[in-house]
Amino acid sequence: MLLDFILLTLIFGIGIIAVNLFLTFLTRASHKKVAIVLTFIELIILGIFLYTDLPSKNLSSTLWINLLGAFLAALLYSLIASTVNTRDTLKQAFQNRTLTGKRKAAEPVKKGGHFSGLKVLLVVGLAMLALALFSGITRITSLDNVYDSIPAKTKVKSESLTSTKETPIAIAPDMAKRKMLQKFSIIPNSNMFTLDGITAQKVDGDYVYVATVEYNGFWKWLKLGEVPGYFVISATDINAQPRFVRKPLKFTPSAYFSKDAGRKIYAAFPGYASYGKINLEIDEKGVPYYVQTLYQEYGVTGLMHYNEFKTAVLNAQTGEVKLYNSTKAPKFVDAPITSAAANSMNEFFGRYSQGWWNQTMFGAKKDVKVPTDNGIYAAGQITPLLAKSGQLNYFTDFTSGDNDQDSALGYSLIDARTGQLTYYRDPEIGLMDSDGAISIASKIYPEKKWKAEMPVLYNIDGVPTWIISLMDAKGIFKKYVYVNAVDNDIVVDADNAQSALDAYRIELSTKGSNNKSTDPSNLKKKSGVVSRVALIPSGNQTTVSFLLENDNTVYSVNSNNSPFAIFIKEGDTVNFKAKVTADTTAASIEDLTIAGLKQK
C-alpha cells in the first residue's frame with residue numbers, strides 16, 4: 001500500500017518535478033540544490049494533501065492537480081530565486097565598497113532563476129486556462145452522449161400496491177435513529193463512538209435499517225482499534241426495537257491510515273473515481289461490508305457514463321476488497337449503485353433531455369424537470385423504496401421548478417442494482433407534487449405540530465397516492481397519511497400502513513374516484529352470498545359496502561361505477577372482480593353482477 005501511495009504521489013507530482021527540473025537546467029548550478037530541496041518538500045506537501053483529501057483519480061483531476069502543482073512550484077521557485085538574486089547583489093555591493101573604500105554601483109548579478117520562473121509561470125497559467133476552456137467545451141458537446149448512456153424508459157403508471165406485506169411501507173428513518181440512540185449504552189465504551197448513517201436494505205428477507213457505529217475521533221480509534229458492531233431495526237414495524245449485532249469492524253470510514261475504509265478502496269483501484277458516500281451492507285451471515293460506487297470519467301469533462309458503474313465491496317473485518325460491475329455485485333448488496341450516483345442520474349435526466357442550451361436562462365426549458373428535495377438520501381432528493389420483487393429502488397418526484405406550481409411532472413424509480421431509470425408520467429392527469437402532499441399531511445393535526453416526512457408515490461387501485469409518515473418533534477412515528485395525488489380532498493390517516501390502505505380504499509369508493517385497476521390480471525373473480533349491506537350516501541352518489549358469508553373482507557363499490565349496486569340486499573348471490581390478498585380487510589370491486597337482477 002505504501003508503494004502504491006508513493007506511485008500515486010509521483011503521478012500527481014509530475015508537474016512539480018518537470019517544472020523544477022526545467023528551471024534547474026535554465027539557471028546556474030548554485031540553484032540546483034535549492035531545486036532538489038524544493039522538489040522534495042513540495043512532493044511531501046502534495047502527498048499529505050492526497051492522503052487527506054483523496055482526490056478523484058480521473059484524467060481531469062490528474063491534469064488539474066499537476067498543473068496547479070507546476071504553477072505553485074514555478075511561483076515558489078521564482079520567489080526564492082528573486083530573494084537569492086537580491087541577496088547576492090547586496091553582498092557584491094558591500095564587498096566592492098569594502099575593497100575600494102568608496103561607494104560603487106554593484107554590477108548586476110547574472111542569474112536567470114527569477115525571470116525563468118516567471119516565464120514558466122506564464123506558460124503554466126496559459127495551460128490551465130486552455131484546460132478550463134477545453135473541459136468546458138467538451139463537457140457541453142458530450143452532454144448528448146452522456147444523456148444517451150442513461151438506461152431510461154417511460155411508463156404511465158407503476159405497479160399497483162396491493163398489500164403492505166407484499167410491498168413494505170417504510171417508516172421515516174428518524175424514528176429508527178432515535179431508538180438506536182436510546183439503546184446506545186449497550187455498546188461497550190459507548191462514549192467512544194457515535195451513530196453514523198442509516199441505510200435501507202434487505203437482511204434475511206426483512207426490510208430493515210442498518211446503522212453504522214463510528215469512532216468519535218482519532219484517539220478513540222487509536223485506543224480501541226475496532227468497532228464492536230452495528231445496529232439493525234425493522235424499517236416497517238413501528239413497534240420494533242433495534243438490535244445491536246456484535247460483529248467487530250476493523251475497517252471503517254472513521255478509522256485512520258490503512259484502516260480507513262475509503263482509503264482502502266481508493267488505494268485498491270487507482271483507475272476509478274468514487275461517487276457518493278460509502279454504505280454499510282450486511283450479508284446473509286451478518287458479516288459487514290462497505291460498498292462504494294466507482295466510475296471512469298468521460299474524457300476530461302468530469303462526467304460519467306451512467307451505464308458503466310462499478311461497485312467496490314470491502315470486507316470490514318478482513319480488509320479484502322473486490323471490484324464488480326454493478327449488475328454482478330454479490331446478491332447481499334442491495335444497493336451497488338449508491339443514492340448519490342442515482343441522484344446525479346436524476347439531475348441529468350431531468351435537465352438535459354433537450355441539450356445544454358435549452359436548460360439555460362436563455363433557453364426555452366422544454367421538458368426540463370427538477371427533482372424535489374423531500375427525500376432522505378442525497379441531500380433530500382432520494383428516498384429508498386422496496387419493490388414487490390424485493391429489489392431496492394430509489395424514488396424521486398419532479399417539478400417544473402416554478403414556486404407557484406405544486407404539480408408533479410412525473411416521478412422516477414431507479415433500480416439500485418442495474419441503474420435502470422423508469423420515469424412515470426400519465427399525460428392525461430395532473431399530479432400533486434411531494435411539497436403539496438407534505439403541506440396537506442402537516443395540517444391534519446396542526447395543534448400537535450407533527451412533521452410530515454418521507455413522501456413516496458404509490459399506485460393504489462389505479463390512483464396515484466402519496467404515502468407520508470407523521471413524526472412528532474422527538475422523531476417518534478405517529479401516523480401514516482395517504483393523500484390522493486389527483487384529488488387532494490381524499491386524505492386518510494391511520495396508525496399502521498395496512499389499516500391506512502384499507503381505509504383509503506373505502507374512501508376512494510365513497511368519493512367515487514376512478515379506481516379501475518391498472519392491471520386486470522391482478523383482479524380475482526369472487527362470488528358469494530351477501531350477509532351484510534350498508535349504503536353510505538354522499539352527495540349525488542352512494543357507496544355500497546357489503547360482507548359475504550364466511551368472508552371478513554369489506555367490499556365496496558360506488559353507485560356511479562355500478563348503478564345497480566344500490567339494489568343489493570342480504571341473501572343475494574353476487575359475482576365481481578376485486579384485488580384481494582391475505583392481508584386485505586377492505587377492497588373496492590369491479591364488474592358487479594347480482595343474481596336474479598337483470599342488468600344492461
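Because the structure is predicted, anything quoted here is derived from the model rather than measured.
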Answer yes if the side chains of [X] and [Y] hold a donor-acceptor pair under 3.5 Å, and no otherwise.
| X | Y | value |
| --- | --- | --- |
| N145 | S142 | no |
| E214 | T252 | yes |
| S556 | S588 | no |
| T418 | Q420 | no |
| S60 | N58 | yes |
| N358 | K365 | no |
| N459 | Y424 | no |
| T465 | Y504 | yes |

F395 and side-chain contact (heavy atoms from CB on, under 4.5 Å): which partner among L457, N346, I382? L457

Consider side-chain contact (heavy atoms from CB on, under 4.5 Å). Of L421, N393, D397, which one does S412 pass it with? L421

Do [X] and [Y] come within less than 4.5 Å of each other through their side chains, counting heavy atoms only?
| X | Y | result |
| --- | --- | --- |
| F269 | V321 | yes |
| W64 | L131 | yes |
| P253 | Y290 | yes |
| P371 | E347 | yes |
| T383 | Y377 | no |
| L303 | E297 | no |
| L294 | L323 | yes |
| S442 | W450 | no |

Hey, is OH on Y445 packed in by over 12 heavy atoms from elsewhere, all under 6.0 Å? yes

Please check if the number of heavy atoms outside K177 that lie under 6.0 Å from its NZ is greater than 12. no

What's the separation between atom [atom1] in [X] and atom [atom2] in [Y], rounded to the nearest 0.5 Å?
| X | Y | atom1 | atom2 | result |
| --- | --- | --- | --- | --- |
| K310 | M304 | NZ | CE | 14.5 Å |
| L501 | Y458 | CG | OH | 11.0 Å |
| Y306 | I337 | OH | CD1 | 11.5 Å |
| N343 | M345 | CG | CE | 10.5 Å |
| F477 | Y480 | CZ | OH | 4.5 Å |
| D435 | D373 | CG | CG | 6.5 Å |

Between N279 and T338, does a side-chain hydrogen bond (donor to acceptor under 3.5 Å, both in side chains) hold up when you go through it step by step? CA-CA 8 Å; N279 290 334; T338 56; 5.4 Å; no

So, does [X] use its side chain to make a donor-acceptor pair with the main chain of [Y] at under 3.5 Å?
| X | Y | answer |
| --- | --- | --- |
| Y482 | A497 | yes |
| Q201 | L280 | yes |
| N66 | T62 | yes |
| Q296 | A273 | no |
| K202 | D334 | no |
| R417 | V333 | yes |
| D426 | V156 | no |
| Y272 | T293 | no |
| Q292 | G276 | yes |
| Y266 | P55 | yes |

Search all heavy atoms of [X] against all heavy atoms of [Y] and return the closest pair with its distance.
| X | Y | result |
| --- | --- | --- |
| T311 | P336 | OG1-O, 2.9 Å |
| Y209 | A176 | CD1-CB, 3.7 Å |
| V481 | D493 | CG2-CB, 4.0 Å |
| S353 | Y147 | CB-OH, 3.3 Å |
| I171 | S469 | CA-OG, 3.9 Å |
| A261 | I278 | C-CD1, 4.1 Å |

Indicate yes or no: does K448 engage D472 in a salt bridge with an N to O separation below 4.0 Å. no

Closer than 4.0 angstrom, basic N to acidic O: yes or no for R351 and D367? no

Output, in order, the C-alpha distance, side-chain angles, deciding distance and verdict of side-chain contact (heavy atoms from CB on, under 4.5 Å) for L67 and F71. CA-CA 6 Å; L67 286 175; F71 185 87; over 6 Å; no

Any cation-pi pair here, K369 with F349, using under 6.0 Å and within 45°? yes

Evaluate the criterion salt bridge (charged side-chain N to carboxylate O under 4.0 Å, His left out) for residue pair K179 and D174; output intermediate values, then yes/no. CA-CA 9 Å; K179 288 185 175 183; D174 282 350; over 6 Å; no

Test side-chain contact (heavy atoms from CB on, under 4.5 Å) on L409 and S400 and set out the steps. CA-CA 7 Å; L409 298 179; S400 64; 4.2 Å; yes

Ring-plane angle category for H305 and Y298, please: parallel below 30°, perpendicular beyond 60°, tilted otherwise. tilted

Stepwise side-chain contact (heavy atoms from CB on, under 4.5 Å) check, I65 with L46: CA-CA 9 Å; I65 292 176; L46 174 63; 4.0 Å; yes

Hey, mind stepping through M471 and K478 against side-chain contact (heavy atoms from CB on, under 4.5 Å) and telling me if it holds? CA-CA 5 Å; M471 317 289 288; K478 290 300 180 181; over 6 Å; no

S499 vs D502, test: side-chain hydrogen bond (donor to acceptor under 3.5 Å, both in side chains). Steps then yes/no. CA-CA 5 Å; S499 297; D502 294 338; 5.7 Å; no

